[in-house]
Amino acid sequence: MSKTYDHHAIEAKWQAYWEEQRPFRALDDPGKPKFYCLDMFPYPSGSGLHVGHLEGYTATDIVSRYKRMRGFNVLHPMGWDAFGLPAEQYAVKTGIHPAITTAQNIATFKRQMKRVGLSYDWDREISTTDPDYYRWTQWIFLQLFKRGLAYVAEVPVNWCPSLGTVLANEEIVDGKSEVGGFDVIRKPMRQWVLKITAYADRLLDDLSLVEWPPSTLEMQKNWIGRSIGAEVEFGIAGMNGTIRIFTTRPDTLFGATYMVLAPEHPLVEVVTTAEQRQAVTAYREAAARKSDLQRQELDKEKTGCFTGGYAVNPVNGEKLPIWIADYVLMGYGTGAIMAVPAHDARDWAFAKTYSLPIREVIAGGNVDKEAFVETAKGLVVNSTTPDGGFSIDGLAPVAAIPKITDWLESKGKGRKAVNYKLRDWLFARQRYWGEPFPIVWVEGEARPLPEEQLPLTLPETSNFKPSGSGESPLANLEDWLVTMEPLSGKPARRETNTMPQWAGSCWYYLRFIDPNNSAQLVDPAKERYWMPVDLYIGGSEHAVLHLLYSRFWHKVLFDIGVVSTPEPFKKLVHQGIVLGEDNQKMSKSRGNVVNPDEMMDQFGADAVRLYEMFMGPLEAMKPWSTRGVEGVTRFLERVWRLMVNEEGRLSGAVVSSAPGLEHQRLLHQTIKKVTEDIEHLRFNTAISQMMVFTNEMTKAEQRSRALIEPFVLLLSPFAPHLAEELWGILGHRPSVSQQPWPVFDPALTVSDRLTIPVQINGKLRGKIEVGTDAAREQVESLARAQAAEWLQGKEPRKVVYVEKKLINFVI
RNA sequence: GCGAGAGUGGCGGAACUGGCAGACGCGCGAGACUUAGGAUCUCGUGGGUAACCGUGGGGGUUCGAGUCCCCCCUCUCGCACCA
């Protein structure tokens, strides 16, 4: 019985060694360059890790191991985003406390991660559900509250009767709850809201400071949605008061032919005439009944209703009919618009439906056929005040916009204005399993708890059912609920909302730096050393919300001096989605879910790691292939046999004598390629180069240590267990992870012979081999001989010679 | 509709700033060693008998295009009446 590569024994052996020696601890050593390598920490679900998690985790693990070998002090931590709805719903069903299920799930995740050989510094493990952690989540909330960035508002929220909770917009898909698919209705409720809009400009502008995927930057920009324009005051005919509108196109002000208010706009009451009241009321009620889903239907006909009232255009005194229509949203701008059908597609469609006039004020299109909306083309026309005192005629829109804005301002009729799509952040959930707010209510007023009384812990209970009133299950717990205000001693009632899951994940990267600090969120010196996160890898599903909310909190912490960098995450990469073998999204119902434990049982952790990286580019969506795992397993076995004989001892083929030049070149090319590929996260091509190296060495009868040993080091971030074992068999003491990374000699990465392709009219007709120092004349004459058949003795019209690359005869 | 990204063998994917298309792996074929092989090793493998043709389709620039420019098609992701 020959001893072959036994991944079970080898992986168990080295995992036990790492457990005992803990070589991956990050020490706060300011003398060493640091590298902070972070994964998006998971919600520990009941189903355990899936192969998609593993892709990102393996990538950061390879980078971390590589950076350590390059002499960096690497912070590579892991923790748990463990508050959240699933554990609570499970508790409602079974009565099992969420803390228990959460602990079990964490144990599963951790076991699996260790089994993959991920080199986390487990001494820094954190969970958002730990009172020592959420104490500081609550502390940050208090800072927000003190700075006026957290306020209470009566907001119509997405109330889901089945879940007994309010959902954020992002938790609703197609009008149904994301979890469970239940109906959602609008209901006004008292809510905590965070004033993220106060940071809109900085959140937008500071995107220039980070190295993120272009799509993610774009999504954040669109989400913030800054648009610059003007606010303009329109008088109301026959009465006092004005309608204030926002427009990005003040240059089209002379083209306004009607006004539209959102159905919910407070001025609707004021401008509606007696004759129109009945119709207006009916329309408003119909609009209110429409669900969000219905209002979002796009290509539907635009509807509206005339109010009977008129507004006065401040530039020309024209009377404009005031309509209401649900295509104008109360939540954006001022909830009112001037309608310029000639130059806005929505207004154009509305005007056509209700036969309202369309007046061209930017020449260049055909406004009878469609709205002409391009600002880059066309010139302003028909835009002079009746008295002739002001005109923007003949200007390009870009020039007209500032001119008319200034004029409006000078007349007190308007001003430059900026609007954002971004809304303040609804920061409350009617749930048990979340961070309690450190707030008590005294005589209808919110009072913060003193910081030294934190954490305010979740009360013990066995009843997780919603209170039914819309308040969280905490409202059922009298003993906890009824308290007194610490300072005044007045009777008080605790806030029953809890924080959304985003809260804990907003700042966890800071706590990893100093996880056990009981006096501060993070020690400032440590923070300055470790921040920012150098590499952050996680799914693109967090491209907007988590990453925007984190950035917001980070900037607040920056303003109060807790952190030293304006942005938390310098470089961000999203791993791609791993599809099932059938090229479909993995799902239980399709039965195509790949279980990492089963894969590791069969092929071992190193093979699974390697395959995860070999599948294709990190960021691409790609299907799983168990055959592919077999392929990389064969590669690992070949590596094993390269240096281990059938008795499991060092192979006789491994020799101490110096390697041949060609083999040395191959080694140095491999070092170069693997090094550069890891730096650029191109793991698939790094692995393919190691395969090339292995294939070559397999052919060699004698394998010099000077080749084999550096190769084991190159392999070690990818297949750390195997590399440790081979390092031992080669006669070295552990650990391979503490060896310096091999360096390449640039002179040895190039060959002294070159193959030059010979082309005729750009078509490949032959190849010649020359020395690297061959002169042009020499190359050309060899090439002419090579291509004689094609040249037929004629002199080419032109000879293109690219040094060391190619020669092309044009005939 | 708008924005971002991507289309390369039977499959996953390589190809640096324009310069040998298809590295590496899977699959497939042949052979070797074997009592045996779904192990291992070696060789072959884009299409076509060939001239030639080939990187989603059509134009263009260039001595030369997967790569650059224009038009079109398809797919993925995000946004979705944001004035």
Side-chain angles (χ1 to χ4, degrees), chain A residues 2 4 213-223 225-227 229 245-249 252 260 262 295-300 302 325-329 331-340 343-347 349-350 419-423 540-541 543-544 574 576-577 579 581 583 610-611 614-617 619-632 634-635 637-638 641 673 676 680 682 684-695 698-699 755-767 796-802 804-811:
Chain A
S2 65
T4 55
S215 60
T216 306
L217 293 174
E218 204 58 38
M219 278 193 247
Q220 294 231 339
K221 281 177 196 163
N222 294 340
W223 192 265
R226 175 161 71 190
S227 53
I245 62 104
F246 173 73
T247 179
T248 55
R249 295 296 304 276
T252 63
V260 186
R295 276 183 89 152
Q296 278 173 12
E297 274 169 32
L298 247 194
D299 30 309
K300 67 162 193 225
K302 293 214 169 2
D326 65 3
Y327 82 91
V328 172
L329 310 173
Y332 183 78
T334 61
I337 62 157
M338 66 168 185
V340 185
H343 305 292
D344 181 283
R346 296 153 301 181
D347 298 343
F350 190 83
N419 256 294
Y420 303 90
K421 280 201 258 183
L422 183 69
R423 302 294 143 77
S540 57
E541 66 272 21
V544 177
H574 302 301
I577 294 171
L579 302 171
E581 301 234 23
N583 240 303
L610 212 62
Y611 177 67
F614 189 61
M615 267 190 289
E619 298 180 73
M621 180 186 289
K622 48 214 174 282
W624 185 267
S625 158
T626 302
R627 295 265 194 193
V629 189
E630 289 171 16
V632 295
R634 280 199 278 274
F635 162 66
E637 286 165 352
R638 284 157 74 94
R641 287 195 303 268
K673 178 112 183 92
E676 290 173 357
H680 294 100
R682 295 185 299 236
N684 54 333
T685 49
I687 293 166
S688 103
Q689 180 64 34
M690 290 191 283
M691 288 173 167
V692 171
F693 178 89
T694 304
N695 292 345
T698 299
K699 291 180 202 157
T755 305
I756 303 280
V758 180
Q759 295 184 340
I760 305 290
N761 289 342
K763 285 199 164 86
L764 182 68
R765 294 303 185 195
K767 290 174 189 180
R797 279 198 294 131
K798 189 172 167 186
V799 180
V800 180
Y801 175 61
V802 183
K804 296 183 181 182
K805 275 272 155 74
L806 151 155
I807 186 158
N808 185 16
F809 297 105
V810 185
I811 57 173

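Chain letters run A, B, ... following the sequence lines, proteins first, then strands; residues in each count from 1.
- Among the atoms of the strands shown, only primed sugar atoms or phosphate atoms (P, OP1, OP2) are found under 4.0 Å from some heavy atom of A:Ser215.
- Nucleic acid contact for A:Gly631: sugar-phosphate only, since backbone atoms but no base atoms lie under 4.0 Å from a heavy atom of the residue.
- Across all strands, A:Pro617 comes closer than 4.0 Å only to sugar-phosphate atoms, never to a base (heavy-atom distances).
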*State the dot-bracket string of RNA chain B. Criteria: Watson-Crick or G-U wobble, both atom distances under 3.5 angstrom; notation: ( ) intrastrand, [ ] crossing earlier pairs, | interstrand, . unpaired.*
(((((((..(((......[....)))((((((.......))))))((....))..(((((..]....))))))))))))....
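- A:Arg682 has no side-chain polar atom (N or O) that falls below the 4.0 Å cut-off from OP1 or OP2 of B:rC16.
- A:Asn419 comes within 4.0 angstrom of nothing in the nucleic acid, heavy atoms only.
- Annotation: ring pair (Phe, Tyr, Trp, His ring centres under 6.0 Å) contacts of A:Phe246 (sequence neighbours excluded): none.
- At a threshold of 4.0 angstrom between heavy atoms, the contacts of A:Lys421 include nucleobase atoms, whether or not backbone atoms are also involved.
- Side-chain atoms of A:Lys699 lie closest to B:rC43 of the nucleotides B:rC24, B:rU40, B:rC43.
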Shorter than 3.5 Å, N or O on both sides, protein versus nucleotides 62-64 of chain B: list them out with atom names.
residue: B:rC63; atom: O2'; partner: A:Asn808; partner atom: ND2; Å: 3.3
residue: B:rC63; atom: O2; partner: A:Asn808; partner atom: ND2; Å: 2.5

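- Residue A:Arg638 is in sugar-phosphate contact alone, with no base atom involved, counting any heavy-atom pair closer than 4.0 Å across all strands shown.
- As judged by a 4.0 angstrom heavy-atom cut-off over every strand, A:Ser227 is placed among residues touching the sugar-phosphate backbone only.
- Counting any heavy atom pair closer than 4.0 Å across all strands shown, A:Asn684 reaches sugar-phosphate atoms only and no base atom.
- Backbone-only contact: A:Lys763 has heavy atoms under 4.0 Å from sugar-phosphate atoms and none from a base.
- For B:rC24, the OP1/OP2 oxygens have no side-chain nitrogen or oxygen of A:Thr685 closer than 4.0 Å.
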